[in-house]
Amino acid sequence: MNITQKLADEFQLTPEQIDRTIALLDDGKTIPFIARYRKEVTGSLDDQVLRTLDTRLQYLRKLEQRKNEIISAIHAQQKLTPELSAQIEAAQTLVEAEDLYLPFRPKRKTRASAAIARGLEPLAHQIMTQQPGTDPEQAAAAFVDTEKDVTDIATALQGAKDILAEEMANDADVRKQLRRLCQMTGSIESHATDPEAETPYQNYYDYSEPIRKIAGHRVLALDRGEREGALKVSVTLPEGHGTSIVMHKFVKNDAPCGKLVTEAAEDAYRRLLFPAIERETRRSLTEQAAAAAIRVFASNLRQLLMASPLKGQTVLGVDPGYRTGCKLAVVDETGKVLDTGVAYITIGSGAKLEQGKEIIRRMMISHHATAVAIGNGTASREAEAVVAELLQQFPYPAAYMVVSEAGASVYSASKLAAEEFPEYDVSLRSAVSIARRLQDPLAELVKIDPQAIGVGQYQHDMPKAELTAALDGVVEDCVNHVGVDLNTASQSLLSHVSGISQTLAKNIVAYRTENGAFTDRRQLKKVAKLGPKAFEQCAGFLRVPGAKNPLDNTAVHPESYTAAEEILHLCGFQLADLENEQQRNTIPTLIQQHGMQQIATQTGVGVPTVTDIVKELTKPGRDPRDELPPPLMRSGAVMELKDLKPGMELVGTVRNVIDFGCFVDIGVHEDGLVHISQICDRYIKHPLEAVKVGDVVKVRVLDVDLKRKRISLTMRQNTAK
């Protein structure tokens with residue numbers, strides 16, 4: 001297989017493009033670095049395409065390696081024919097290759113292997129010829145041998161049929177046809193193990209759906225219900241369709257031998273083939289569903305990490321609680337902790353409640369906090385009501401937002417949090433984390449295992465390695481897309497920068513602590529173990545605000561500084577002129593007058609790099625998240641579930657997107673569900689086609705179930721986001 005050509009065909013790229021991209025990947029270049037600084041080499045492939053291409057490359061290489069192993073193994077058995085070798089070489093998937101290897105694979109003891117050991121293989125092959133004049137019993141009589149435990153004719157014939165059944169079951173073509181039949185006409189069925197039991201899986205107690213139509217989230221629900229013992233799940237085929245494939249391939253006539261072959265074919269299908277295909281079909285459905293769920297989780301995580309930060313504001317973080325009170329932490333606009341405290345505002349009334357309000361009021365006013373971040377866990381509802389009432393009486397404008405605290409407890413009890421805040425207990429660390437999540441979601445959430453952030457579905461059922469790889473890739477892409485302040489970034493944030501390992505991140509922080517703030521990017525070369533290769537990978541993603549060279553605070557890579565200065569010179573400017581916003585804003589017009597291609601030729605870099613440099617020179621230190629809508633802050637009275645009425649129009653924030661819809665926070669503690677059919681007026685296959693996490697949307701209440709605390713919403717005929 002020509003891997004380069006296959007990838008070129010699949011991704012609709014040129015073979016040269018593929019070869020150049022593979023060379024970069026094999027050289028150890030990170031995907032964010034390739035996507036940003038090697039556009040001329042790859043043809044401007046973005047990070048998501050690069051990751052997909054890399055995954056497919058690894059699969060095809062694994063397939064080629066496995067095909068070579070299979071050919072060698074069969075050759076060692078002296079059973080490799082030119083035809084079989086060509087079939088193996090032509091296999092497009094690991095499954096196809098393994099099917100061809102199946103007849104030659106070393107086997108555990110089976111009924112067929114036992115029959116072969118008793119010398120019955122020649123009889124089996126004689127019967128398989130299905131000669132009309134052959135008497136199977138007469139032929140079998142010659143194989144009766146008590147010393148080989150073939151005591152009579154019936155035993156000999158049964159052994160022969162066992163051999164034939166296994167050979168039929170190992171036929172690659174038959175397996176391929178059955179696999180296709182299952183996909184096209186098979187169904188998934190489920191039944192309750194106890195029809196009287198109340199479980200979350202009651203919708204599947206008597207359930208059937210065609211395999212080709214079943215949605216991934218239903219596959220995962222069936223799998224979980226089966227694991228928990230609530231369901232029995234099976235694959236079914238239309239009566240007779242499966243056996244007919246085996247019969248058609250092997251049965252030649254209805255002579256006496258033909259009838260024995262028919263019996264062997266029925267046994268092969270019932271005992272060996274269908275159970276194997278059923279297991280394979282179920283496994284394939286689960287893998288496809290898991291892959292789709294991982295893609296949704298990754299998309300949600302990307303949007304959450306890239307949410308607009310709340311810059312330039314001092315924030316009060318509230319970690320709600322009942323008995324132990326609400327833990328409070330005030331952090332300044334850089335995330336530094338200014339004050340901490342505890343307020344008992346969620347239980348009872350009277351003096352203790354008023355005292356708690358006064359603590360919050362005093363902490364906010366003394367530090368001029370203008371925003372409050374409230375965790376959405378236990379006692380969140382009560383804390384929100386008190387904060388909302390308090391802010392309405394404030395001497396200056398202030399607003400609040402309920403923030404997801406998923407994973408906050410994991411972080412606050414971690415070694416990382418203990419090193420960052422040794423002077424605070426676990427609950428106060430959570431309050432700090434909640435405040436920082438509102439200020440800069442990306443910088444705070446990278447400290448938490450992505451799987452604990454809670455924007456997926458069935459994430460605990462996903463294959464661990466694949467989920468971790470996908471989510472870590474998203475975190476890496478987001479961190480590098482935004483860029484990192486070299487002088488304020490935590491070790492956690494630095495460790496996700498292209499080319500920087502945990503050890504290097506720790507060494508950067510240690511260097512910063514010992515020598516003070518970095519004044520330029522070149523100082524990175526003085527950090528222990530940070531060599532030329534790591535510098536090349538990381539330098540462009542690290543920002544140094546206030547550096548003598550203003551390019552150090554942009555995404556312009558040091559390797560392109562000369563080109564950037566030449567571009568400025570062509571526009572009639574010097575580096576110092578970047579401080580003048582009015583002059584910076586004229587750069588695109590001046591570039592257009594010269595011509596992008598002409599400038600690329602003069603500076604010796606490609607047009608994509610010139611385009612990126614111009615963007616950075618126009619807005620040095622820009623944060624791509626600033627272009628997004630700001631967080632939806634609230635300041636009015638809190639609504640309760642009982643206040644909602646069908647037909648009410650509200651504005652909310654999309655908190656999670658799943659296969660069958662999205663959940664929207666409308667300010668009543670319980671998120672409302674917008675079913676996929678209610679997201680927009682046009683047909684969509686998946687909610688991600690129309691909404692994403694963090695979108696601010698208009699919704700209308702369809703129904704409220706107070707008992708089950710469920711809200712049904714619609715976004716149809718509401719297009720604002």
Side-chain angles (χ1 to χ4, degrees), residues 190 192 194-207 209 215-218 220-222 224-225 228 230-231 293 296 300 320 322 346 374-385 388 401-406 454-460 632 634 636-681 684 686-687 690-691 693 695-718 720:
S190 64
D194 178 4
E196 304 300 319
E198 288 192 13
T199 73
Y201 309 103
Q202 285 170 283
N203 289 344
Y204 301 102
Y205 275 11
D206 189 13
Y207 175 80
E209 185 170 4
H217 65 91
R218 288 198 284 275
L220 297 175
L222 289 170
R224 183 181 283 185
E228 294 179 5
L231 301 174
V296 173
N300 288 344
Y322 287 119
T346 57
I374 305 170
N376 68 343
T378 304
S380 169
R381 179 78 194 148
E382 293 80 356
E384 182 187 358
M401 183 175 178
V402 177
V403 177
S404 170
E405 59 179 58
V455 287
Q457 58 180 0
Y458 295 101
Q459 57 257 42
H460 302 297
L632 180 61
R634 303 181 186 277
V638 176
M639 282 201 309
E640 296 184 27
L641 202 62
K642 61 183 177 60
D643 298 328
L644 296 179
K645 305 295 178 194
M648 287 180 69
E649 290 195 351
L650 302 160
V651 176
T653 304
V654 176
R655 292 298 181 201
N656 198 6
V657 179
I658 50 177
D659 284 346
F660 54 85
C662 64
F663 287 97
V664 179
D665 174 8
I666 53 174
V668 294
H669 194 59
E670 302 295 334
D671 289 345
L673 172 66
V674 184
H675 188 267
I676 185 172
S677 62
Q678 296 294 327
I679 289 178
C680 57
D681 293 319
I684 54 174
H686 196 280
V691 292
V693 169
D695 278 354
V696 175
V697 296
K698 283 185 180 179
V699 295
R700 192 170 67 255
V701 178
L702 290 178
D703 184 54
V704 182
D705 186 336
L706 292 173
K707 184 177 179 182
R708 300 166 75 186
K709 294 185 176 180
R710 290 185 177 178
I711 309 164
S712 296
L713 304 170
T714 181
M715 288 167 52
R716 294 182 69 170
Q717 298 179 349
N718 291 280

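Starting from 1, each residue takes its place in the sequence as its number. Given the structure is predicted, the values throughout are model-derived calculations rather than measurements.
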Pair Val296, Ile658 - check side-chain contact (heavy atoms from CB on, under 4.5 Å), show working. CA-CA 7 Å; Val296 173; Ile658 50 177; 5.6 Å; no
Just to verify, what does Gln202 make a side-chain contact (heavy atoms from CB on, under 4.5 Å) with, not counting sequence neighbours? Glu198, Thr199, Tyr205
For Asp665 and Arg634, the nearest pair of non-hydrogen atoms, with its separation, is O-NH2, 3.6 Å
Over all atoms of both residues, closest heavy-atom pair of Tyr322 and Thr346: CA-OG1, 3.5 Å
CG of Asp681 to CD1 of Ile679, rounded to nearest 0.5 Å, is 12.0 Å
Any Val668 side-chain heavy atom under 4.5 Å of Asp643 side chain: no
Nearest-0.5 Å distance, CD1 of residue Ile666 to CZ of residue Arg700: 13.0 Å
Side-chain heavy-atom pair Leu713, Met715 within 4.5 angstrom cut-off: no
Using modelled atom types and a 3.5 Å cut-off, is there a donor and acceptor pairing between side-chain atoms of Asn376 and backbone atoms of Val402? no
Nearest 0.5 Å, please: how far is SG in Cys662 from CG in Asn656? 9.0 Å
Can you tell me how far apart NZ (Lys698) and OG1 (Thr714) are? Round to the nearest 0.5 Å. 14.0 Å
What pair of heavy atoms forms the shortest contact from Ile676 to Ile684, and how long is it? CD1-O, 3.8 Å
Output for pair (Arg218 CZ, Tyr204 OH), nearest 0.5 Å, gives 6.0 Å
With a 3.5 Å cut-off and sequence neighbours excluded, list the donor-acceptor pairs that the side chains of residues 701-709 form with protein atoms.
{"unit_1": "Asp705", "atom_1": "OD1", "unit_2": "Lys707", "atom_2": "N", "d": "3.2"}
{"unit_1": "Asp705", "atom_1": "OD1", "unit_2": "Arg708", "atom_2": "N", "d": "3.1"}

Heavy-atom closest contact (Gly375 atom, Ser380 atom, distance): O-OG, 3.0 Å
Between the OH atom in Tyr207 and the CG atom in Leu222, the distance rounded to the nearest 0.5 Å is 6.0 Å
Answer whether the closest heavy-atom distance between the side chains of Leu644 and Leu650 falls below 4.5 Å. yes
Any Pro320 side-chain heavy atom under 4.5 Å of Glu384 side chain: no
Measure the shortest side-chain to side-chain distance between Leu632 and Met401 over non-hydrogen atoms and say whether it is less than 4.5 angstrom. no
